[in-house]
*Asks:* 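Dropping the structure in here first, questions after.
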Amino acid sequence: MSKKNRIRLMAYTPLQSGGIYETTEPQAHYLKDVMRLKVGDDVFLFDGINGEFSANIAQINKKSVILNINQKVADFQKSPDVWLLFAPLKKDNTDIVIQKSVELGVSKIIPVQTEYTSNAGIKLERMRAQVIEAAEQSRRTDLPEILSPITLEKLLEKWDKKRTLVYLNETGAGQSFIDASKKMSAPVAFLVGPEGGFSLEEFEMLKSLPYTLSLALGPRILRAETACLAALSCWQAFCGDWK
């Protein structure tokens with residue numbers, strides 16, 4: 001199988017060379033019916049703990065596929081300690097934020113309910129499935145964590161003050177990324193408000209906290225999903241693992 005078409009799955013049990021992995025029913029459907037693989041075909045597996053392994057199909061059953069685990073092809077590599085906190089958007093835009101933030105290397109994703117959040121209908125299982133799919137496609141060997149939605153007030157009540165909380169300021173009053181990047185070494189979290197922005201009360205609350213940093217992303221107003229990805233891209237380039 002060519003490297004371009006290599007098939008990669010998240011394993012739900014720890015992997016080791018010489019062992020076997022039995023897929024879930026959805027994974028079996030994907031291998032058998034979508035990719036139309038046969039006994040002997042190659043698959044790559046990662047478990048978020050031990051790295052990535054080559055494997056081949058040993059047996060195809062009705063509801064599962066048995067894979068022989070061969071050699072390790074990549075060691076486990078933990079992504080930078082950067083979190084994304086965002087107010088859930090309309091369905092398709094939330095999907096984009098989840099998928100692309102995983103590709104950009106976030107270690108944790110937290111949906112945050114703010115005063116102007118327009119989408120309160122969070123389907124956490126759907127988000128977790130998207131996290132796994134994006135990790136599979138982006139060849140990550142770790143799996144970012146996604147937490148249940150939480151209100152901004154409750155999030156701040158239990159915040160670890162050692163982690164810088166960078167909130168995106170759509171009014172343009174925040175620091176430029178180049179200036180702010182000097183204070184943004186990991187651990188760090190980016191907080192992106194909803195399409196209507198933060199309320200005045202939320203701005204005042206964030207501004208009053210000693211561990212927060214107000215960030216502006218240029219002279220143009222960005223859509224919320226664009227702001228999420230722009231902030232993560234800039235951080236990876238200046239402070240993360242793109243250097």
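Everything quoted here is computed from the prediction, not taken from an experiment. Values below: every heavy atom of this structure, side chains too, minus hydrogens, waters and symmetry copies.
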*Asks:* Does anything in residues 197-210 form a salt bridge (Lys or Arg N to Asp or Glu O under 4.0 Å)? List the pairs, not counting sequence neighbours.
*Replies:* none
*Asks:* Strictly by side-chain hydrogen bond (donor to acceptor under 3.5 Å, both in side chains), give each pair with a member in residues 217-235 just once, sequence neighbours left out.
*Replies:* Arg223-Glu225
*Asks:* Under the salt bridge (Lys or Arg N to Asp or Glu O under 4.0 Å) criterion, do Arg6 and Glu52 qualify, and how do the steps go?
*Replies:* CA-CA 13 Å; Arg6 98 184 204 172; Glu52 182 174 348; 2.4 Å; yes
*Asks:* What residues, two or more places apart in sequence or in another chain, satisfy side chain to side chain contact (heavy atoms under 4.5 Å, CB included) together with Ala189?
*Replies:* Trp83, Leu85, Trp159, Arg163, Leu165
*Asks:* Can any side-chain N or O of Gln27 pair as donor or acceptor with the backbone N or O of Met10 at less than 3.5 Å?
*Replies:* yes
*Asks:* To which residues is Phe76 joined in a hydrophobic cluster, defined by side-chain heavy-atom contacts under 4.5 Å among Ile, Leu, Val, Met, Phe, Trp and Tyr, whether direct or through other members?
*Replies:* none
*Asks:* Suppose we screen for salt bridge (charged side-chain N to carboxylate O under 4.0 Å, His left out). Which residues come up paired with Lys72, at least two apart in sequence or across chains?
*Replies:* Asp75
*Asks:* My understanding is that only residues two or more places apart in sequence, or in another chain, count here; which of them pass side chain to side chain contact (heavy atoms under 4.5 Å, CB included) with Asp95?
*Replies:* Lys91, Asp92, Gln99, Arg126, Gln130
*Asks:* Using a 3.5 Å distance criterion without hydrogens, assess whether the side chain of Asn61 forms a donor-acceptor pair with backbone atoms of Lys63.
*Replies:* no
*Asks:* Mind checking what makes salt bridge (charged side-chain N to carboxylate O under 4.0 Å, His left out) contact with Asp142, not counting sequence neighbours?
*Replies:* Arg140
*Asks:* Relative to each other, are the rings of Phe190 and Phe177 parallel, tilted or perpendicular (30° and 60° limits)?
*Replies:* parallel
*Asks:* Taking only residues two or more places apart in sequence or in another chain, which ones pass side chain to side chain donor-acceptor pair (under 3.5 Å) with Glu195?
*Replies:* none
*Asks:* What distance do Ile110 atom CD1 and Leu84 atom CG have between them, rounded to the nearest 0.5 Å?
*Replies:* 9.0 Å
*Asks:* Taking only residues two or more places apart in sequence or in another chain, which ones pass salt bridge (charged side-chain N to carboxylate O under 4.0 Å, His left out) with Lys108?
*Replies:* Glu145
*Asks:* Under the salt bridge (charged side-chain N to carboxylate O under 4.0 Å, His left out) rule, collect the residues that match up with Glu25, sequence neighbours excluded.
*Replies:* none
*Asks:* Taking only residues two or more places apart in sequence, or in another chain, which ones meet Glu22 in a side chain to side chain contact (heavy atoms under 4.5 Å, CB included)?
*Replies:* Ser64, Ile66
*Asks:* Just to verify, what does Arg128 make a side chain to side chain contact (heavy atoms under 4.5 Å, CB included) with, not counting sequence neighbours?
*Replies:* Leu124, Glu125, Ile146
*Asks:* Would you kindly say whether Asn56 and Asn70 are connected by a side-chain donor-acceptor distance under 3.5 Å?
*Replies:* yes
